[in-house]
Structures are given as structure tokens and as C-alpha cells.
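Data block below; observations after.
Numbers here are sequence positions counted from 1. Everything numeric in this text was worked out from a predicted model, so none of it was measured.
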Amino acid sequence: MQKEYKTLKSVAGPLILVEGVEGVKYEELVEMTTAEGSVRMGRVLEVHNDTALVQMFESTQGIATEGTKAKFLGKAMEIGVSEDMLGRVFSGSGKPIDGGEAVIPEKKININGAPLNPYSRDFPNDFYQTGISTIDCLNTLVRGQKLPIFSGAGLPHSRVAAQIARQCKVRGEESNTAVIFAAMGVTFEEAEYFTNEFKKTGAINRSVMFLNTAADPVVERIATPRLALTTAEYLAFEKDMHVLVILTDLTNYCEALREVSAARKEVPGRRGYPGYLYTDLATLYERAGRVKGKKGSITQIPILTMPEDDITHPIPDLTGYITEGQIVLSRELHREGIYPPVNVLPSLSRLSPTARKITREDHEGVFGQMYAAFARGLEVRDLAVILGESALSDIDLKYLEFAKNFEQEFIKQDETDDRSIEETLDLSWKLMSALPKSELKRVKDEYIEKYLPKETK
């Protein structure tokens with residue numbers, strides 16, 4: 001039987017100091033019972049000699065040093081997992097909030113996950129179709145990859161996330177694809193939007209949702225992505241499913257880390273974030289991937305809003321070191337009414353070359369040609385601002401027109417427009433047909449003959 005302690009020394013924000021403890025371990029769960037009889041959960045954050053620092057998952061309001069009892073449960077935080085979780089909505093602490101019955105778990109798993117031997121990892125190399133042209137053609141998502149979306153306040157990253165969740169698929173294995181959606185520190189309106197969007201389109205049937213709103217305890221935000229990733233690991237590596245994990249908004253998660261760090265009076269790092277921010281983010285991102293001998297996989301799309309649109313801010317900066325590229329959203333395109341406002345030039349998927357080899361034979365050449373032509377078109381646009389269009393050559397005018405059509409037809413697409421990779425590549429050839437054939441230097445002649453619209457050859 002676990003011992004109860006009445007030796008609370010201090011309560012500071014979400015942290016409680018308990019003295020005179022024995023045999024307590026890091027990450028151990030703690031049950032706090034107030035003098036009024038209410039029970040609240042926490043976890044051990046630090047142990048020094050006979051003193052334990054406890055981080056509460058709920059508010060510490062009403063918890064006094066006198067009359068409150070602390071019981072250490074001898075186990076870390078766990079989540080009960082089952083295939084019955086698909087189609088359900090849970091709170092950020094893992095409790096059902098959709099009005100349904102509690103899930104009967106097949107097993108309980110520590111939310112911190114088991115370390116994965118690097119030798120056991122398999123290289124990500126399969127194409128993951130999102131139905132969004134700017135991702136599928138130019139920044140191809142690969143099964144087992146972690147590809148974050150860098151956004152800004154007011155940009156439609158929520159709509160992009162919901163669209164990806166609805167449309168994502170490993171081709172040929174659509175029935176074996178699942179989505180784990182974890183929202184951290186979002187507004188009530190956003191939480192309602194995601195829930196309604198998933199239910200309206202039927203995407204909820206193959207999804208598990210974890211929602212932590214801005215009104216929920218800050219500390220719960222730290223547990224939410226770990227609950228989601230633990231569920232993903234179970235479905236991927238024990239049920240052989242291809243799982244896409246969408247985490248939004250990682251900035252709120254990092255703010256929660258900063259708040260707890262400040263309460264612990266730790267020496268702050270850049271912008272006040274804890275010095276271990278990189279390590280902490282790595283414990284989340286590195287849970288994506290494929291494992292040798294397992295059919296399933298975990299692909300991650302973390303979404304983070306860059307404070308003041310600053311891509312050098314610690315959160316996007318450190319995320320860029322750990323992940324394999326980024327999709328950057330553009331405020332300028334958003335102002336022009338272009339959705340999804342993907343800023344093509346700074347966006348990157350480092351693993352996309354492996355996927356481009358297996359989509360369609362012309363994908364590699366189309367990628368290079370479209371990227372180069374759009375970059376040239378933007379250069380010409382800047383030149384036209386300075387010199388005027390009358391000073392441009394005929395070929396410059398063609399590239400200027402290409403850049404405009406690229407934004408209006410290729411980047412821009414409806415939220416319900418689920419383009420296959422073949423449709424995206426065919427659209428690319430249609431746009432490239434506006435350029436002289438002599439300019440198509442990055443695609444092979446045989447592919448020009450095969451795919452370029454006949455009337456332009």
C-alpha cells in the first residue's frame with residue numbers, strides 16, 4: 001500500500017514541494033487529496049534526497065500545505081489503448097469528451113514511450129498523398145517523415161491541418177490509414193471547428209482526437225502530445241496501421257514548458273525558454289518513423305505559429321534542426337486570397353527525392369522545372385516593379401505570366417479539392433506549356449513528348 005504524506009512545504013503555481021518522502025521516482029504519478037476531499041493528479045518532476053517536486057495536471061487552487069495529503073502511486077502516467085479509440089474525441093488528459101463510454105483498454109502504456117534502437121529504424125521512402133499540390137509535387141511527404149508547418153498568427157493553418165487529416169492516404173492502403181490529431185492550447189472555437197469538420201466529412205471514423213483548450217490546465221498541454229504519440233505507436237507498431245500524427249500548436253506547448261520552467265526558477269535560455277527546449281522537442285519529433293520488421297509507420301506534421309512571423313525564433317529554429325524540412329505559410333499569399341498560402345521557395349522536404357522516384361517517371365523533372373520557373377518568374381516580377389513591364393523581354397513576360405498562373409492555379413485550390421499526384425503533375429505540364437519548349441531544360445525530351453499538351457508542342 002502506498003504511503004500518504006502530509007509534509008507539503010510549499011505551493012507555487014503548478015508546483016508543490018513535498019518533504020520526507022522515501023523511494024519516490026522521477027515521472028511517478030501523485031494523488032493529492034485536499035482537506036475538503038477533492039482529489040487531483042500530478043507527477044514527480046524532480047527528486048532530491050527526501051524532497052520531491054510535484055507538477056500538478058490541474059489547478060492548485062484550494063491546495064494548502066496544511067491538511068493536504070500526497071500519495072505517490074509508484075507508476076508513471078499511462079494511457080489505456082485500444083482500436084476502439086478510433087472515431088473518439090478525448091481531452092488533453094486522455095478522458096473521453098464526446099459523450100461516449102470509456103474505452104476498455106487492450107493494454108496500458110507509459111506515455112513517455114520506449115526508446116527505439118536507431119539500428120531498428122527503417123528509412124522512410126514511401127509516398128504519402130495529401131491532395132495538396134504544393135506539398136505532393138514540390139515538398140513531397142514521405143511515410144515515416146516529420147514535416148512541420150511553419151505558420152503565423154491569423155494564417156489558416158487550422159484549415160490546412162483539417163484538410164490534410166481528411167485527405168491523407170498511403171495509396172493502395174487507404175483502409176489501413178489512421179489520423180491522430182492533438183490540439184494544444186487552442187481556443188474553444190478552434191476545438192469546435194476541428195471536431196465538427198472531422199464529423200461532417202466522416203474523417204472522424206479513422207481518427208483519434210485529443211483536445212486541450214486554452215482554458216484547460218497549462219501542465220496538461222505537456223502531456224497531450226505524448227498521449228497522442230503513444231496511441232500512434234500502438235496503432236502503428238502493434239496494429240500495422242499507417243498513422244499520420246498532426247500536432248497543433250507546438251508554440252502553445254513550448255509556452256507551457258516555459259511557464260513550468262519559470263515556476264521552477266530555472267535559468268532561462270533564449271527568449272526565456274528552458275535550455276532543454278531542443279531536447280524536449282526531440283523527444284516528441286523522434287517518435288515518428290518506421291521500424292524494421294513492422295508494417296506500420298508514424299508520420300508527423302507538427303504545426304507551429306511563429307511569433308511575429310520570425311522564422312529565427314527558438315521554436316521554429318530548433319524544430320528545423322530536428323525535422324526533415326518545413327512547409328512555410330505566406331502572409332502575402334493569404335492577403336491575396338490564395339489558399340493554401342504555401343510559400344514555395346523557403347519550403348522544403350529533405351526526404352522528397354526518395355518519394356519522387358516512385359510516384360511517376362516525370363515527377364523529378366517536373367519538380368525541378370516548376371521550382372526554377374517560379375523562382376525566375378518572381379525575379380522578373382521584382383524587376384518589373386523597378387523598371388516597368390515595358391522594359392521586359394518577351395521571354396521575361398512569359399515567366400511573369402507563368403508566376404501569376406502558378407499562384408492562381410497550382411498553389412490555389414479549394415479546401416475540398418483532393419488532387420491525386422497524377423492530376424497535380426498534369427496541371428504542372430499545362431502551366432509549363434505556356435513557356436517555350438526550349439526553356440524546359442530540366443525535363444527529359446521523352447517526357448516532354450509524352451506529357452506536354454499536344455497543341456503546345
Side-chain angles (χ1 to χ4, degrees), residues 13-15 27 42-43 45 55-58 77 79 90-94 111-113 146-153 155 157-158 160-161 180-188 190-191 194 208-233 244-264 266 268-288 298 300-308 310-311 313-323 326-327:
L15 305 179
E27 290 283 355
R43 63 168 183 163
L45 203 58
Q55 179 185 48
M56 298 303 295
F57 293 120
E58 302 166 68
M77 188 173 181
I79 181 172
F90 300 89
S91 70
S93 57
I111 67 164
N112 296 300
K146 37 198 181 291
L147 185 64
I149 294 176
F150 289 1
S151 183
L155 294 182
H157 48 267
S158 297
V160 175
I180 307 289
F181 189 92
M184 294 157 280
V186 297
T187 62
F188 178 75
E190 280 181 292
F194 287 128
V208 184
M209 298 182 73
F210 293 90
L211 301 177
N212 165 271
T213 67
D216 292 327
V218 169
V219 179
E220 184 181 286
R221 233 153 276 166
I222 298 171
T224 302
R226 291 177 169 81
L227 292 168
L229 287 163
T230 304
T231 306
E233 286 169 348
L244 180 69
V245 181
I246 299 176
L247 305 172
T248 181
D249 178 346
L250 259 296
T251 300
N252 293 334
Y253 170 84
C254 294
E255 295 291 346
L257 279 182
R258 180 162 69 173
E259 191 169 322
V260 171
S261 176
R264 291 176 69 181
E266 293 175 333
R270 287 168 61 194
R271 305 273 186 105
Y273 292 97
Y276 50 81
L277 181 63
Y278 177 91
T279 312
D280 194 282
L281 287 173
T283 63
L284 300 181
Y285 297 145
E286 290 298 334
R287 291 174 76 171
I298 298 176
Q300 262 191 45
I301 298 186
I303 297 171
L304 51 97
T305 50
M306 302 177 290
E308 300 173 1
D310 180 11
I311 203 166
H313 185 277
I315 303 171
D317 188 30
L318 296 177
T319 294
Y321 283 114
I322 306 165
T323 55
Q326 69 278 333
I327 305 294

**Message:** Do M56 and V219 make a side-chain contact, defined as non-hydrogen atoms from C-beta onward lying under 4.5 Å apart?
**Reply:** no
**Prompt:** Between H157 and S151, which heavy-atom pair has the shortest distance, and what is it?
**Reply:** ND1-OG, 2.7 Å
**Request:** Provide the closest heavy-atom pair for A161 versus I303 in the form atom of the first, atom of the second, distance.
**Result:** CB-CD1, 3.3 Å
**Request:** Decide, yes or no, whether a salt bridge links R226 with D280 under the criterion of side-chain N to carboxylate O below 4.0 Å.
**Result:** yes
**Asked** Is the count of non-hydrogen atoms from other residues, nucleotides or ligands lying under 6.0 Å from Y276 atom OH greater than 12?
**Response** yes
**Sequence-distant partners of H313, ring pair (Phe, Tyr, Trp, His ring centres under 6.0 Å), two or more places apart** = Y273
**Asked** CD1 of I149 to CG of L155: how many Å apart, nearest 0.5 Å?
**Response** 11.5 Å
**Asked** Looking at OG1 of T251 and CE of M184, how far apart are the two atoms once the value is rounded to the nearest 0.5 Å?
**Response** 9.5 Å
**Message:** Is there a side-chain contact between R287 and K146 in this structure, where contact means two heavy atoms from C-beta onward sitting under 4.5 Å apart?
**Reply:** no
**Request:** Over all heavy atoms of both residues, which pair between A191 and T213 is shortest? Give the atoms and the distance, please.
**Result:** CB-CG2, 4.1 Å
**Close side-chain approach of F194 and I246, heavy atoms under 4.5 Å** = no
**Message:** I'd like to know if D317 pairs up with R271 as an ion pair, taking the criterion as any Lys NZ or Arg NE/NH1/NH2 lying under 4.0 Å from an Asp or Glu carboxylate oxygen.
**Reply:** no
**Message:** Could you report the tightest heavy-atom contact between M77 and S93, atom names first, then the distance?
**Reply:** CE-O, 4.1 Å
**Asked** What is the distance from atom CD1 of I180 to atom OG1 of T230, rounded to the nearest 0.5 Å?
**Response** 10.5 Å
**Message:** Under the rule for ring pair (Phe, Tyr, Trp, His ring centres under 6.0 Å), what residues qualify as partners of Y253, not counting sequence neighbours?
**Reply:** none
**Message:** Would you say that L277 contacts R270 through its side chain, given a criterion of any heavy-atom pair below 4.5 Å between the two side chains?
**Reply:** no
**Message:** Quick check: do F210 and T231 have side-chain heavy atoms less than 4.5 Å from each other?
**Reply:** yes
**Complete:** To the nearest 0.5 Å, atom CG of D249 lies from atom CG of N212 at 11.5 Å
**Request:** Indicate yes or no: at least one non-hydrogen side-chain atom of L250 is less than 4.5 angstrom from one of L281.
**Result:** yes
**Request:** Start with the C-alpha distance between V260 and L45, add both sets of side-chain angles, then the distance that settles side chain to side chain contact (heavy atoms under 4.5 Å, CB included), and finish with yes or no.
**Result:** CA-CA 10 Å; V260 171; L45 203 58; 4.0 Å; yes
**Message:** Within this structure, what is the CZ-CG distance for the pair F181 and L244, rounded to the nearest 0.5 Å?
**Reply:** 10.5 Å
**Message:** Show the nearest heavy-atom pair for residues I322 and A282, with the distance to one decimal.
**Reply:** CD1-N, 3.8 Å
**Flag if over 12 foreign heavy atoms under 6.0 Å of CD, E259** = no
**Message:** T248 vs E190, test: side chain to side chain contact (heavy atoms under 4.5 Å, CB included). Steps then yes/no.
**Reply:** CA-CA 11 Å; T248 181; E190 280 181 292; 5.9 Å; no
**Message:** Determine whether a donor-acceptor pair (N or O, by modelled atom type, separation under 3.5 Å) exists between the side chain of S261 and the backbone of L257.
**Reply:** no
**L304 side chain near F150 side chain, heavy-atom distance below 4.5 Å** = yes
**Fill in**
Closest heavy-atom pair, A256 versus R221, reported as atoms and distance to 0.1 Å, is CB-CB, 4.0 Å
**Request:** Decide yes or no for R264 and L15: does some side-chain heavy atom of the first lie under 4.5 Å from some side-chain heavy atom of the second?
**Result:** yes
**Prompt:** Any donor and acceptor pair, going by atom type alone, linking the side chain of E220 with main-chain N or O of P217 inside 3.5 Å?
**Reply:** no
**Asked** Just how far is it from atom CG of N112 to atom CD of E27, taken to the nearest 0.5 Å?
**Response** 4.5 Å
**V208, L284, L229 screened by side chain to side chain contact (heavy atoms under 4.5 Å, CB included) with V245, the one that passes** = L229
